[in-house]
Each structure stands twice: as C-alpha cells, then as structure tokens.
*Asks:* 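Could you have a look at this structure, given as structure tokens, before my questions?
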Amino acid sequence: MSLAQVHHISAAAGDESAEGRFTAVGRGVTAALLAELEPLFAYVLPDGAPHRPTDAELRSLPQAFTYAVLSDGSRAVGRTAPARGESSAPVRFHTHAVHIPVGVPLPGDRLPVEAWRSPHWATVTPAGGASLSDPLGALPPGPAPVREGLDDFAVSRGPWLAAVLSDLRRASEEAAPAGGPVVLVERRSADVARWLGLAAVALPRESAERLTFTTYTRRPGSSALRVVGVAPEDAAAAREAGLRVHVCADRPPVEATGDVWARTAARVWRSRAPELFQEARGLPGDPFAAGPLAVVALCAGVGLGSEERAAAAAWAAERPYALDAKRTGQLVEALTSPGIDDRTGSEFDAVGRLFGALDGRCPAPVTAPLAAMLVTEAVRGGNGSLELPRRDAFVGPEGEAIAGVLGPETLTELESGAGGSRPVARTVQLLRVARLLGMNTRDLLPDVATRLAPALLRETEAETEGPEGPEGYAGPGRPEAAAEAAAGTPGLTVSRGAPGPSGAVRAPGSAGTPAAPRPSGTAGSPAAPAFAPALLELLDEQFDVRTALLGALDRIAPEDPGAVARFLERVALPFTGTQALPHLRMCAEAPGAMTTLGRDRTALWHRILRAAGLSPFAEPLVLRTAAGLVWEDRAPTVEEARLLLEAATSDAHRAAGTWSRLADAALGAPADAEEAEALAHDLLRAFPQEIQGRERAALQLLALCRDLRTGAPEPGWADRVRTLRDRAAPLEPQVQERAFTALAERLLAPDRPGAELYAFVRSDDTDLITAYDRAARTEPTRTRLRTQPAYAADCFTVWTAHPHVGPAWTTTAAALLEEVLRPAVRSMSAELVAEVEETVGRTGSSGRANAFRDWNRSRTLGRLGRRIVGRVRRG
C-alpha cells in the first residue's frame, strides 16, 4: 500500500511577511489534516545561526524528526531540515512527511523512529510531486539502520540512562502523563533520535508506538508531543516551564532513579546486550516488572545491583516453573557469585524465598549454593529475618563443608557474654543455625536462655514505649493508664513521696485510691514484636530450647511480672509439657482476668494466685508475682494489704519480699483509715528485722496512734511522738496528721497524765500545738466544755498555766481562752458557772478561782488575758 506524502516549505528566516506553503500533497490528505500538520513543521533557527550559512554550517543545523498522532487517529512521520534558498531567502526549511491512515501499520511493521536515517527523506520537493518512493517503504530489510551504533551511544550516556529510560517509560503509558513532554537536551538532534531508538528497543511495541516525539524544537512548553529534543541553550526555559528535563550534554546527574526496571534496562544497554529485552518479554509478568529482565540479564552474565538481583530472585520465587533447568542453574550461580559484596537484607530475603520455592523441585546440587549463602549471611551478616533452609538441605559433603566453617563461629558467638545486649532476633537465628548445622548446644543452653529471657522483655517494652505504647496499651497493673486512654484525659501526675521499705518511691496517699484494673484491649490488641514469628518457630522446632527459655522466663517473672504479662499478651508462648511454670501461668492469666473482673482487685488477686497451680506456702514467690500483676507500682489499700497478709505466713511474705507492699499500704493510707494503725502494729510484730529506718519509725508512730486511742501507751508518749516524727522524716503527711490528731485528742482528754501534758507544753512544738488548737476547736470538745463544768475548769487551768514556756503555746492558749472557752462558759447557766468556779478553786487555789471569776466577768480580754498577751509581746 502506497502511503500519501506531503512536502512543505517554511517561511524564510527573518522574513515575517513570507508564509510557509505545502508544495505537494498526496491523495487522501484533507485540508483539515494539513491545517493540523502545519504547526508540527514549524522550525525556529538556533540562537547564533548565520544568516548566510556555508554548506557545512547548513548541514550542522539541527533536523526535526517528528512522529505525531493526529486528531482523527491517523499518524504522521516527517523530517524538517534546513535547505538552501534563493538569494532573498538564503535558508528555507523543507519538510517531507508521510501520512499513515488509521489502522495501517508502517511498511515492514517498522516503528516510526526506525525511519529517521532513511536515505529517501527529500530536502526539496521532487519534480514528480509526491509520487516518488516514500522513505518508509524504502527501508532495507532486517534491523533498521537506527540500531547501528546504539550500543556505543548507550555506553556514552551511561550516567543518564536509567533516569531517561524511566521517564520515557512513563511517557509511553496509555494515558499521557500530565505535566507536559519529557525534554531531552542534546547538542545534536541525531542524539535525541538515538535516545528514542534506545527506548524503542527497551519498551514493548505498544508502548513505543505511543511515544510521540520530535528531535528538535524551540518551544517545548507548547508541544503536545510526549518527548521533545532541545538544544542546550533552551534547557533553562524548559525547566522554568515546569517540564521534566534531562540535560544529557552536561554534568552527570547525582541522584539515581528509584525505578528498578529502568536501572536494569540501563545495565543491559551498557552491557551491549539489547537482545535481552525481547527475551525478557517472552517471560510471564508485567512488561515493566524488573524481575523478568533482571533474570535474563543475570543468566546472560550481566552484572546487576542488589535491588535488581532481589527483583530477579523474587520473580523466580513466585514462578519457579517459568525457568528451565539451564536458566535456573545460571540464575542460582549469578545470585551466589562470590564476587558480589553489596548484598542487602531485601536481597537475602528474596533469595530465601527462592530457595524455598526451588527446594525439592530442583536437585540438591542446584539449591545447595543458595542454602550455603543464606546460612553464611545468617551467621556473618547478622540478618535475623532470613528464612533458613530445612535441616536436610545440608546432608552430604555440602553440609559438612558449611558446618566445618560456620559451626565454630556460631558456637563462639552463642558462648559470648555479650548476649545480654544481643538482639533477640540474632540469638534466635544463631540457635536455629546451630541446629541446622548439627551443632551440640546442650551445655550452652542454660546460659543462653538466661541472657535471652530479659532481652525478650526489653525489646517488647521498647516497642511499647510511652504511657500506653504504640497501640495505646497500658499493661497489667496500670489500669489508670487504660482508663485515661479511653477517656482521652492526660496522664496521672503523681507527686514523689518517700522511699518505701523496698527502696521504691511511693506516691503519698496512693494506697487509698484504688483504680480499676486495665481491661485487656482498651485500645486494640497489641501487635506482636518483630522477633515473634522466628521465636515461636524456634520453640516449636527445638524442645530443649523451649524448656530452657520458659524456665528462665519463669524465674525472672517475679521481678517484673507486668513486663512479662505484656510480653505474653503479644507473644503466645506454648505452655505445653510437664513444666510447672507458675509465674508464667499467672502472667498469662492476668490480662483476661482483668477484662473479666473489672475493678474487683480482691477477686483478681485470688484468680491470679489460682492460676499458679502452687500454694504460696510451697512457692512464696507467687505472692510477689501476684502482687506485681495486680498493683504493679502502686500500693494496695489497707483492706487489700490485710488480704495479702492473711494469704500466707510472715515467712512466706518475707521470702517473697511482699512485706514492703504491706508497709506501703499502711503508710500510704488516708488519714481517716482506722485499719492502718492495726496493720502497722501487726507488721511491726511480723517483720521486726526487715522493717528498719524511716519506715520503722513511721509504722511505730501509727502503732502509737492506736495505743493513744484504744489503750494505755507507755509513759513518755508525748515526747515519743516528736521523736518518731523526726526519725521518720520525710514523713507522709497523712501519717503525721493521724499521729498529731491522736496526740492532741489524748491531751484534751480529762484523764490525760499531767506529765505528758507538761512535756507537750514545754516542747513548744509549733506543729503539735497547731494540731492541739485544731482538736480543741472541734465540735466534740466544744460540746464537752458547755456541758461538763469539771472539764471546762480543767481546760481553764491548763490554758492559763505555763505562761512563760514559749510563744507558740502562750499565743494558742490565749486564743483558746477567748475563742473557745469563753463562748462555752457564757452559754452555761449560773449554777454551772458556779460549779466551774468552785472546781477551779478546789483543784487549784483560791487565787486561781479569783482569776477565773475576774476572767469570766470581763467582757473583753480581761486582766489575766491582757497580762498573758503582754508577756508574750514583751518576750
């Protein structure tokens, strides 16, 4: 079929009055198509081009080779070249184009770019019009001339290859990408055509046919084509227009493209092996997936980077049936080459999947190099995520060779004392490799498990960093954190109190504010740590490791049961077998028990203890584990402490160390918790050697409060309160309030010993006297003053005595006389007042009775009061 040809002569350079015109038009090319074609043929001379060029200068001007798709779906291929004009117009621009109707392929099923070197492009309109042989049909058979020299060109453009091929691939997509054409900057327009030739070979045919282009233009921003070539002087304008610009005539780019297919294609071109593109297209998969091309490249000996090798291994792992035995062997040989030193973790992971796909499908000698590479990387490279081969992968001489090299290294690292800081995944991998290579680890296991157990908790806690962790996880024993997470409230701000008997810091008053245990899954189930799958697989395949590790975890659980519970909630360890593991079973029970029992910490305590399967009398440490799970870093309430104390003997609590929590409960109880005094008394009797120092003095102070209220304390108790307070510093505010209140109430009692009252008054202790003043102003004391004349007389005697002991007492006594006793006496009947006066005289002297009489008659402070206040002021 003969294709219609078109010839066009442009306006003369610099002649604005002249217009271009079509000099020959083939049959079937309509006026509408001509109007659409003419802007495509517009040519603007480069800057600095001579007005009257010589023949050499004329030949050096750029030629615009163009391929475009027209509005009706037809296509046009043409070349615009400078030509010699008349004397008035020394340079004209002649376009020779071929119109290709819709659905008609190019002659010989060629691609448009293959015609750019055709010798039949005319520079003048032929005498016979457009009837001469068209430049497309006259192309010689076989590979088109455009492919000649492409290998050398690709090597010369190596630094730009991957980035340009990546953009040309995107430009060839079915929907034209937004943002305008890809701009290729070359000093010669023929090099732009060579770029298009590289793309035509690398891209699938349908993609290459969508790649419309021109090799030269001065207006890239207004072009509707997908690829345009410009001279270096127009690169800046193209960038300013926001286009994707590749300056291939300048310094090489610094940043590499992330397109793995493009990088693989670039290596194929630099290796001068373009036939591999067609070979790769014969393999299944996406046409722009890097895997098929990387596979054929590796099989052909082309060196690739790590990501490209990983793509080849991953593709082959998904389609092991797509490669014959020869290619499979070549691929394995290329992937395991000893000369490669840039392998990455993702490449090893892909190779591991490939080994899994080939293992059992191919002969052992084929897969043995993959297995050896994986195990070597696991030992020497520290890649803990590798999928290791099966144990029987090393049966025979290959296994013996690998075991002889890697076995000693594996055992040496497992024996290393640095295992405490070694990542869990690394230890797990080494244990699996040791078994894979048939190494005897029986003597090492106890030490390895002892180091591995705390590492499991450390890494799990690190992944759950923060108040609620990455998933909003509060953890057993910290129910208030879960409640705040659910309610959206800020975290608790707990004031730092005095250190408890165990050395931990206690928040004052925390024991009196029980909080609901955390419901499991407050903000979603916590995710398993990264090492969990490998760890569970290790425990499943190695019974001796499972026994040793579970035993080690059970031993450390009492020290931090909350951390163990959080770990077990994220990693479901197998508890099958004959091991008792009481502490692990308690930690595993805690989250579900918290969900079921809510705020009932007493029921939670009993349920967790039952989960141990052992009595606290047989295994005292279960007390510590249960207490840590229920209360973690909080103190129990006094009632809960009673429960703990009665759950076992003092010897069991002493062995478990839970006596310190009981002491925290007593010292942290609110001031109105009466049971705290009895609890303190019992604790001092049960743990006389354990409770020492500040805590002992504070508990003794609480026990003294009990004696002051209910019994007969030993003489000297007024001074003893002060002494114990000083020994217990810094004393919990609620304990001090309870002790001072008990002392003041005892001193205000009618039967208080005079010696104790005198010691109290003589101390002139401001805090104690303030507590006394506060107790004297309470309603029970006021009622007793109004109704009991003897009591009123006694208080008058006390509050008017000892005027010289100190300012704290004298000021307080004067205020109590005026503000407490005077209103009480005034409310009495005359008979009761007379009884008070008589009692004052009988218990004191006639002078004191007269003083009371004078004080009572005075409507103001009175002489006695003025005398007392005056002495204070003079002092």
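A quick note: this is a predicted structure, and the numbers were derived from the prediction, not measured.
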*Asks:* Consider only side-chain N and O atoms of Arg853 and Asn856, and report whether a donor and an acceptor are under 3.5 Å apart.
*Replies:* no

*Asks:* Please give me the minimum heavy-atom distance between Cys587 and Thr625, naming the atom from each residue.
*Replies:*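 Heavy atoms only, the tightest pair is SG-CG2, 4.2 Å.
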
*Asks:* First locate atom CG of Leu679, then atom CG of Leu699, and finally report the distance between them rounded to the nearest 0.5 Å.
*Replies:* 8.0 Å

*Asks:* Of all heavy-atom pairs between Arg624 and Pro561, which one has the smallest distance, and what is that distance?
*Replies:* O-CG, 4.4 Å

*Asks:* Could you tell me which non-hydrogen atom of Thr602 sits nearest to which non-hydrogen atom of Leu643, and how far apart they are?
*Replies:*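 Looking at all heavy atoms of both residues, the closest pair is CG2-CD2, 3.6 Å.
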
*Asks:* Measure the shortest side-chain to side-chain distance between Val836 and Leu832 over non-hydrogen atoms and say whether it is less than 4.5 angstrom.
*Replies:* no

*Asks:* For the pair Arg685 and Asp682, find out whether any cationic side-chain nitrogen is under 4.0 Å from an anionic carboxylate oxygen.
*Replies:*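 Salt bridge: no.
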
*Asks:* If we only count heavy atoms from C-beta on, is the Leu597 to Trp605 side-chain gap below 4.5 Å?
*Replies:* no

*Asks:* Go through the steps to decide whether Arg555 and Thr450 satisfy the test side-chain contact (heavy atoms from CB on, under 4.5 Å), and finish with yes or no.
*Replies:* CA-CA 9 Å; Arg555 288 191 295 274; Thr450 299; 4.0 Å; yes

*Asks:* Does Asp764 use its side chain to pair, donor to acceptor, with the backbone of Trp809 at less than 3.5 Å?
*Replies:* yes

*Asks:* What residues form a side chain to side chain donor-acceptor pair (under 3.5 Å) with Asp560, not counting sequence neighbours?
*Replies:* none

*Asks:* Check this for me: does any side-chain nitrogen of one of Asp794 and Arg784 sit under 4.0 Å from a carboxylate oxygen of the other?
*Replies:* no

*Asks:* Hey, what do you get for CG (Leu724) to CZ (Arg694), rounding to the nearest 0.5 Å?
*Replies:*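 The distance works out to 12.5 Å.
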
*Asks:* So which atom in His653 and which in Ala648 form the shortest heavy-atom distance, rounded to 0.1 Å?
*Replies:*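 For His653 and Ala648, the tightest heavy-atom pair comes out as CD2-O, 3.8 Å.
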
*Asks:* With distance as the sole test, does Glu756 use its side chain to make a donor-acceptor pair with the main-chain N or O of Ala718 at under 3.5 Å?
*Replies:* yes

*Asks:* Using 4.0 Å as the upper bound for N to carboxylate O, is an ion pair formed by Asp664 and Arg661?
*Replies:*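 Asp664 and Arg661: not salt-bridged.
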
*Asks:* Ignoring hydrogens and angles, tell me if any N or O in the side chain of Glu569 forms a donor-acceptor pair with the backbone of Ala588 under 3.5 Å.
*Replies:*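 Such a contact is absent between Glu569 side chain and Ala588 backbone.
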
*Asks:* Would you mind reporting whether Glu745 and Leu708 have side-chain heavy atoms less than 4.5 Å apart?
*Replies:*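 SC-SC contact between Leu708 and Glu745 ruled out.
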
*Asks:* Between Val721 and Phe740, is there a side-chain heavy-atom distance shorter than 4.5 Å?
*Replies:*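 Yes, their side chains come closer than 4.5 Å.
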
*Asks:* To check you understand the geometry: which heavy-atom pair defines the closest contact between Ala557 and His583, and what is its length?
*Replies:*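 Nearest heavy atoms, Ala557 then His583: CB-CB, 3.6 Å.
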
*Asks:* Is there a donor-acceptor contact under 3.5 Å linking the side chains of Glu640 and Trp631?
*Replies:* yes

*Asks:* Taking the side chain as everything from C-beta on, heavy atoms only, tell me whether Leu667 gets closer than 4.5 Å to Leu702.
*Replies:* yes

*Asks:* Applying side-chain contact (heavy atoms from CB on, under 4.5 Å), run through Val630 and Arg607 and close with a yes or a no.
*Replies:* CA-CA 11 Å; Val630 176; Arg607 178 166 166 180; over 6 Å; no

*Asks:* Are Arg746 and Asp751 packed together at the side-chain level, in the sense that at least one heavy-atom pair is separated by less than 4.5 angstrom?
*Replies:* yes

*Asks:* To the closest 0.5 Å, what do you measure between CG (Leu747) and CH2 (Trp717)?
*Replies:* 4.5 Å

*Asks:* Specify whether Tyr772 and Trp799 have parallel, tilted or perpendicular ring planes, treating 30° as the upper limit for parallel and 60° as the lower limit for perpendicular.
*Replies:* perpendicular

*Asks:* Given side chains that start at C-beta, do those of Leu456 and Val571 come closer than 4.5 Å, heavy atoms only?
*Replies:* no

*Asks:* Using a strict 4.0 Å threshold on nitrogen-to-oxygen distance, state whether Arg642 and Glu646 make a salt bridge.
*Replies:*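 The answer is no: the pair does not qualify as a salt bridge.
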
*Asks:* Quick one: pull up CG in Leu816 and CG in Asp773 and give me the separation to the nearest 0.5 Å.
*Replies:* 4.5 Å

*Asks:* With a 4.0 Å cut-off on N to O distance, would you call Asp765 and Arg725 a salt bridge?
*Replies:*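 Yes, charged N to carboxylate O under 4.0 Å.
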
*Asks:* Backbone N or O of Phe760 within a donor-acceptor pair of the Ser763 side chain at under 3.5 Å?
*Replies:* yes

*Asks:* Run the side-chain contact (heavy atoms from CB on, under 4.5 Å) test on Tyr758 and Val805 for me, step by step, so that the C-alpha distance in whole Å, both residues' side-chain angles and the decisive distance to 0.1 Å come before the verdict.
*Replies:* CA-CA 10 Å; Tyr758 181 74; Val805 295; 5.8 Å; no

*Asks:* Taking the six-membered ring of Trp855 as reference, does the NZ or CZ atom of Arg822 fall below 6.0 Å from its centre and within a 45° cone about the axis?
*Replies:*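 Checked: cation-pi criterion met.
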
*Asks:* Distance only, no hydrogens: is a donor on one side chain within 3.5 Å (strictly under) of an acceptor on the other, for Thr460 and Arg570?
*Replies:*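 There is no such pair (donor and acceptor under 3.5 Å, judged by atom type) between the side chains of Thr460 and Arg570.
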
*Asks:* Return the CD to CG distance between Glu589 and Leu604, rounded to the nearest 0.5 Å.
*Replies:*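 Result: 9.0 Å between the selected atoms.
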
*Asks:* Are Glu779 and Arg786 close enough for a salt bridge, meaning some N to O gap below 4.0 Å?
*Replies:* yes

*Asks:* For the pair Thr811 (side chain) and Ala808 (backbone), establish whether a donor and an acceptor sit closer than 3.5 Å, ignoring hydrogens and angles.
*Replies:*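 No, because the side chain of Thr811 does not come within donor-acceptor range (under 3.5 Å) of the backbone of Ala808.
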
*Asks:* Can you name the nearest heavy-atom pair linking Leu785 to Ala824, along with the distance?
*Replies:*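 Looks like CB-CB, 3.8 Å.
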
*Asks:* Looking at Glu677 and Arg738, does any basic side-chain N land under 4.0 Å from a carboxylate oxygen?
*Replies:*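 Counted as a salt bridge, because a side-chain N and a carboxylate O are separated by less than 4.0 Å.
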
*Asks:* Within the side chain of Thr778, is there an N or O that forms a donor-acceptor pair under 3.5 Å with the backbone of Ala775?
*Replies:*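 Looks like yes, one N/O pair under 3.5 Å.
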
*Asks:* Quick one, Leu457 and Glu559 - any side-chain contact, counting heavy atoms below 4.5 Å?
*Replies:*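 Leu457 does not reach Glu559 side chain to side chain.
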
*Asks:* Between Arg585 and Glu619, does any side-chain N to carboxylate O distance fall below 4.0 Å?
*Replies:*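 The answer is no: the pair does not qualify as a salt bridge.
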
*Asks:* If you count every heavy atom of other residues, nucleotides or ligands that lies below 6.0 Å from Arg654 atom CZ, does the total exceed 12?
*Replies:* yes

*Asks:* Any sub-3.5 Å donor-acceptor pair from Arg696's side-chain atoms to Gln689's backbone N or O?
*Replies:* no

*Asks:* Show your working on side-chain contact (heavy atoms from CB on, under 4.5 Å) between Leu584 and Val564 and close with a plain yes or no.
*Replies:* CA-CA 8 Å; Leu584 284 188; Val564 176; 3.7 Å; yes

*Asks:* Quick check against the 3.5 Å criterion: does Thr781 have a side-chain atom that pairs as donor or acceptor with the backbone of Arg777?
*Replies:*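 No.
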
*Asks:* Rounded to the nearest 0.5 Å, how far does CD of Gln692 lie from CZ of Phe687?
*Replies:*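 CD of Gln692 is found 13.5 Å from CZ of Phe687.
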
